[in-house]
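This report refers to the structure that appears directly beneath it.
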Amino acid sequence: MGNADSSRPRTAAVETETTPSPAPMPRLHNQAERLAALEALALARECSGENESPFCDVPAQVLSLILDNVPVGALLACVFVCRRWSPIAYRVLSMKGKRLWTFGLSSSGRLGHRFAKDKGCGELPAVLKTLEEVSINCVSCSSSQTGVTNASGHVYMFGGNNTGCLGLGTGVSFAGVPTRVEGPLLREFVDQVSCGEACTIFRTSSGKIFTAGGCDLAPVQPFGKKEFAIDACCGYNHFLVLTERKQVWSWGGDNYKQLGRTNSHRTYSEPGIVEITMGEPSVVACGSYHSLVVTKEGHTYGFGCSMDNRMGIPPETMRVRMPGHRYNDTWELPTLIHLNVDHARVIYACGGRKSSGFLLDNGQVVLCGAIASKDVVMLDFAPRRVVHVSVGLSHFGVVLDNGLALLCGDSSDCRLGFEHGGQCVNVPVVSTTTERNTGPWSFHVAPLCTDTAIFVQCGYHHTAVVAHHTAVEATEAYH
């Protein structure tokens, strides 16, 4: 993903006065036609074997058509078909007016609506008014923290400030409203923020990495100088970074071997390389005490705590018993995860407190760990496709290609977006270990008025949804 750009795509060369005006492009009349056109462009480029963006040779008129007509959900579906982000996709997403909805437990100010330090209550979905005038690019949630970046590269944090993890210094215990992180980030364009329980990691457009928690907000070497970071995440107190050279780096707490490094230290203060034996890493993700790496070829590796089958690794595989630890299932080195989904490839992964989620290139989702009752299950939302998934403590959410945000799991504190009742959708669920039906599961449609959901993030007791604001009804029925 590159820098946000508010300008329209331009042609490669400036037209002269003698250049005839192009004939107007016919408009595509419905979402199905638009999505089909986008997928045709993307798949044609994918099949050509070239490494550039699937849209880089598309005529400017077609790009203008895409910008004017394609819903964000359809664009994301197309991007996932390509199994990579494209500069055009990021430009479109940055141009769209996107706002943040938060709901769930309000204590420690994690929803950003008011100062609520101690005893909180469940709050229904509401737009975060203080950030309504800026277009949101990225959001991350943890136990009691929320982080947001906007199209201008600014980063805002709110919620509990445990060990200074908000990047606002250690002099405040919480931030009840979105507060801009300044200091060394003041002159940086922040592309990504990832919140952990005791730390936060920030990635800039120049490939630099900054961390907060346990110490003042500070840059991390060698990123930004020798290594250009393209993805970053953090768990309870550990960090993973993917660089432009497709190397995975880790540092921080290693109590459960979640760093994937061979030495038996409890913590590493300096970043080190994680050896991935097969494939080219494309995505990194962290749970509280486990780590995940997805490769371009669709392989998925896990390391760290595997209690509750949170990484989907069968119990027959290599096991390291950690003396004095209450968790007996721990993997020291990256271990290939078996999800038993030979018909599709993993293109994205996310980690929760005791669970993991995986997005497949056919739009299906695989869940494992406590949230799946210690099983590995596959969810099929056909005829719709999932474009984003997030796992929290005891609930999880998905975004469909038609802009619906669906939430499932523990409904306490309004974290699923409702207090009583609400619109529900039943989704078939199959265990990939026994190949038996274990569903259907009931999903609740997040009530976002006319907004079209783009991303969903599930914290421990709260949820955040980035949505495209429209003045007319944007979401469709599930079927």
Side-chain angles (χ1 to χ4, degrees), residues 1 51 83-85 191-194 196 198-215 218-306 311 313 317-320 322 330-337 346-351 356 358:
M1 295 171 63
N51 294 323
R83 304 183 187 93
R84 59 176 176 264
W85 285 95
D191 270 341
Q192 183 182 12
V193 58
S194 176
C199 59
T200 304
I201 189 168
F202 308 90
R203 180 181 59 82
T204 73
S205 61
S206 57
K208 298 177 183 178
I209 292 293
F210 294 79
T211 61
C215 60
V220 180
Q221 301 296 339
F223 306 109
K225 292 186 176 181
K226 296 181 180 180
E227 300 290 341
F228 189 97
I230 61 174
D231 194 11
C233 60
C234 64
Y236 181 86
N237 62 349
H238 76 287
F239 305 93
L240 286 186
V241 167
L242 176 65
T243 66
E244 196 173 40
R245 294 198 290 176
K246 306 304 180 183
Q247 292 179 330
V248 178
W249 295 67
S250 68
W251 71 100
D254 196 35
N255 289 14
Y256 303 100
K257 316 313 295 179
Q258 62 266 40
L259 298 185
R261 294 160 69 172
T262 55
N263 296 331
S264 58
H265 298 299
R266 289 295 182 95
T267 183
Y268 289 84
S269 59
E270 298 295 331
I273 294 178
V274 179
E275 296 294 338
I276 303 299
T277 57
M278 182 169 57
E280 180 181 288
S282 60
V283 176
V284 292
C286 292
S288 293
Y289 298 106
H290 68 285
S291 302
L292 303 166
V293 176
V294 178
T295 70
K296 180 180 178 182
E297 296 76 15
H299 304 303
T300 306
Y301 290 87
F303 40 100
C305 179
S306 187
M311 293 185 286
I313 301 174
T317 56
M318 177 184 63
R319 178 176 296 173
V320 178
M322 303 294 291
T330 303
W331 280 264
E332 180 179 5
L333 299 176
T335 304
L336 190 63
I337 294 175
V346 176
I347 58 174
Y348 177 77
C350 59
S356 299
F358 305 91

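Position 1 is the first residue of the sequence; numbering continues from there.
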**Request:** Evaluate the criterion side chain to side chain contact (heavy atoms under 4.5 Å, CB included) for residue pair Y301 and V274; output intermediate values, then yes/no.
**Result:** CA-CA 11 Å; Y301 290 87; V274 179; over 6 Å; no
**Prompt:** Can you check whether V294 reaches L292 side chain to side chain, under 4.5 Å on heavy atoms?
**Reply:** no
**Fill in**
In short, S205 meets D191 closest at the heavy-atom pair CA-OD2, 3.3 Å
**Request:** Evaluate the criterion side chain to side chain contact (heavy atoms under 4.5 Å, CB included) for residue pair V220 and I201; output intermediate values, then yes/no.
**Result:** CA-CA 10 Å; V220 180; I201 189 168; over 6 Å; no
**Message:** Are T330 and Y289 packed together at the side-chain level, in the sense that at least one heavy-atom pair is separated by less than 4.5 angstrom?
**Reply:** no
**Prompt:** Of all heavy-atom pairs between P281 and V248, which one has the smallest distance, and what is that distance?
**Reply:** CB-CG2, 3.8 Å
**Message:** Quick one, P222 and W249 - any side-chain contact, counting heavy atoms below 4.5 Å?
**Reply:** yes
**Message:** With heavy-atom distances below 4.5 Å as the criterion, would you say the side chains of I209 and R203 are in contact?
**Reply:** yes
**Prompt:** Are Y268 and H238 side-chain neighbours, meaning at least one heavy-atom pair lies under 4.5 Å?
**Reply:** no
**Item:** Verdict with reasoning, F210 to T204, per side chain to side chain contact (heavy atoms under 4.5 Å, CB included)
**Value:** CA-CA 8 Å; F210 294 79; T204 73; 3.8 Å; yes
**Side chains of H299 and L336 in contact at under 4.5 Å (non-hydrogen atoms)** = yes
**Request:** Might you point out which heavy atoms bring D231 and V283 nearest each other, and give the distance in Å?
**Result:** OD2-CA, 3.9 Å
**Item:** S288 OG to Q258 CD distance, which is reported to the nearest 0.5 Å
**Value:** 9.5 Å
**For H290 against C305, the heavy-atom pair lying closest together** = CB-O, 3.4 Å
**Complete:** Nearest heavy-atom approach of G260 to P334 is O-CD, 3.8 Å
**Request:** Check the pair T243 / F223 against side chain to side chain contact (heavy atoms under 4.5 Å, CB included), numbers first and verdict last.
**Result:** CA-CA 8 Å; T243 66; F223 306 109; 3.8 Å; yes
**Request:** Locate the shortest heavy-atom distance separating C199 from G235; write the atom from each residue and the value.
**Result:** SG-O, 3.7 Å
**Prompt:** When rounded to the nearest 0.5 angstrom, what distance separates CD in E275 from CZ in R261?
**Reply:** 11.0 Å
**Message:** In the structure I gave you, are the side-chain heavy atoms of T295 and K246 within less than 4.5 Å of one another anywhere?
**Reply:** no
**Straight-line distance of T300 OG1 to F358 CZ, nearest 0.5 Å** = 5.5 Å
**Request:** Look up atom CD in Q221 and atom CD in E227, then write down how far apart they are to the nearest 0.5 Å.
**Result:** 11.0 Å
